[in-house]
Amino acid sequence: MASIHRHHRFFIRDFWRKLVALGLALLVWKLVDVQLRSVVPVQQVRVKVKYDTRKFYLKEDSFLVDLEASTPSKMTQLAPELFQIEVALPTTYEHSGIYYLKLRNRHLVKKPLRVNIKTFQPNNLAIPFDVIEQEKLKVHVNTQGKVKSGFELSATAQPDIVRVLGPSQVVRNLREISTESLQLNPDITKSFSVPLDLLPPTLPSAFSPARSRSMSWSKIPSAPSRSHSPALAPGSCCH
């Protein structure tokens, strides 16, 4: 019991003087720590852009920045994989445009312990984006080759209209959607049906070529069948 009283008196006696001494000790520690720290450059740190893929399409989704990191003196090199930067595209946009963003420490979601970021280079990002729209488009059947002489060809699609989802700047300029090539030859003498895939439209140069190859176009209904019908008599044509 006496021991508890002695400890209690130790904290109470000259409390404010001890509190000031503790504060000065922490200040000195902080100043020494700052003096001993080093500034280490970190290059090519990837910035991840989070966005609603059902509503937006990013014309560019690869952003890299350099960092200046304040580190303990023992750290002389830092790999870019040790850092993770994330930014979010607001969901309020209704038209295509560019989202301008200033990078701040709050965008840094992962970093090594006791490492502080002094600067981002560049510290401003310009993120070009487009909104996703839906259009109804007519299906055009591509054909290659010829049918038997004296026969005429009529190629139709079922269904002949599909709904396509894609960036507004692309979808608005489309007049039709084409199929992969339907191979013809003179041995064909009667009508037939064959399933063909729809080809994704060619994207304008403003869109990243690497992303155009992986861009998905939703079709409703999907994978319509196409048929061509050689006529049974010269000059006639049936569907």
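- Shortest non-hydrogen contact noted between L165 and Q134 is CD2-CB, 3.4 Å.
- Linking Ile, Leu, Val, Met, Phe, Trp and Tyr whenever their side-chain heavy atoms come within less than 4.5 Å leaves L125 and L64 in two separate clusters.
- In this view, E68 satisfies the salt bridge (charged side-chain N to carboxylate O under 4.0 Å, His left out) rule with no residue, not counting sequence neighbours.
- In this structure, the separation between NZ on K48 and NE2 on H107 is 14.5 Å, given to the nearest 0.5 Å.
- Between atom CG of residue L182 and atom CG of residue N142 there is a gap of 9.0 Å, rounded to the nearest 0.5 Å.
- For the pair V49/D61, no side-chain contact is recorded, criterion being any heavy-atom separation below 4.5 Å from C-beta on.
- Under the side chain to side chain contact (heavy atoms under 4.5 Å, CB included) criterion, E81 pairs with A79, sequence neighbours left out.
- Counting heavy-atom neighbours within 6.0 Å of K118 NZ, excluding the residue itself, gives a total of 12 or less.
- Taking 4.5 Å as the limit, some side-chain heavy atom of V164 sits within range of a side-chain heavy atom of V162.
- Closest non-hydrogen pair, K136 versus I161, comes out as CB-CG2, 4.1 Å.
- With side-chain heavy atoms closer than 4.5 Å counting as contact, directly or through intermediates, the hydrophobic cluster containing Y100 also holds I98.
- Taking the side chain as every heavy atom from C-beta outward, Y51 and I127 never approach each other to under 4.5 Å.
- Ion pairing of R172 with E135 is absent here, as no side-chain N (NZ or NE/NH1/NH2) approaches a carboxylate O to less than 4.0 Å.
- Between A126 and P128, the closest heavy-atom pair is O-CD, 3.3 Å.
- When atom types are taken as modelled, the side chain of D130 and the backbone of S168 share a donor-acceptor pair closer than 3.5 angstrom.
- Within the 3.5 Å criterion, the main-chain N or O of Q169 finds a donor-acceptor partner in the side chain of N173.
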Point to revise | Derivation and outcome, side-chain contact (heavy atoms from CB on, under 4.5 Å), residues K146 and L184 | key: CA-CA 5 Å; K146 295 181 179 180; L184 304 176; 6.0 Å; no
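- Separation of atoms CZ (R163) and CG (L137) is listed at 11.5 Å; rounding is to 0.5 Å.
- Side chain of K55 to main chain of T91: a donor-acceptor pair is present (N/O by atom type, distance under 3.5 Å, no hydrogens or angles).
- When every heavy atom of A69 is checked against every heavy atom of V115, the shortest pair comes out as CB-CG1, 3.8 Å.
- Considering only heavy atoms from C-beta on, K102 comes within 4.5 Å of N123 through its side chain.
- Here the CG-OH distance, from L89 to Y99, works out to 7.0 Å after rounding to the nearest 0.5 Å.
- Applying the side-chain hydrogen bond (donor to acceptor under 3.5 Å, both in side chains) rule to E86 yields the partners Q84; only residues at least two apart in sequence or on another chain are considered.
- Residues V42 and V45 come closest through the heavy atom pair CG1-CG2, 3.7 Å.
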Point to revise | side-chain contact (heavy atoms from CB on, under 4.5 Å) between L198 and V139, intermediate numbers included | key: CA-CA 8 Å; L198 296 179; V139 177; 4.1 Å; yes
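- Atom CD of Q77 sits about 11.0 Å away from atom OG1 of T71, to the nearest 0.5 Å.
- From Q183, atom CD reaches atom CD of Q144 across 5.0 Å, with rounding to the nearest 0.5 Å.
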Exercise for review: Check step by step if side-chain contact (heavy atoms from CB on, under 4.5 Å) holds for I85 and F120.
Suggested key: CA-CA 11 Å; I85 302 174; F120 298 88; 4.0 Å; yes
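- In this pair, F56 and Y93 present their aromatic rings perpendicular. The plane angle is above 60°, beyond the 30 to 60° band.
- Residues meeting the side-chain hydrogen bond (donor to acceptor under 3.5 Å, both in side chains) test with R104, sequence neighbours left out: none.
- In plain terms, the two heavy atoms of A157 and V141 that are nearest each other are CB-CG2, 4.1 Å.
- With sequence neighbours left out, the salt bridge (charged side-chain N to carboxylate O under 4.0 Å, His left out) criterion links D66 to no other residue.
- Considering L196, L199, T143 in turn, L196 is the only one that fulfils the side chain to side chain contact (heavy atoms under 4.5 Å, CB included) rule with T179.
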Practice item. Take L103 and V87 through the test side-chain contact (heavy atoms from CB on, under 4.5 Å) and record every step on the way to the result. Key: CA-CA 8 Å; L103 288 176; V87 299; 3.8 Å; yes
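- Within 6.0 Å of NZ on K110 lie more than 12 heavy atoms contributed by other residues, nucleotides or ligands.
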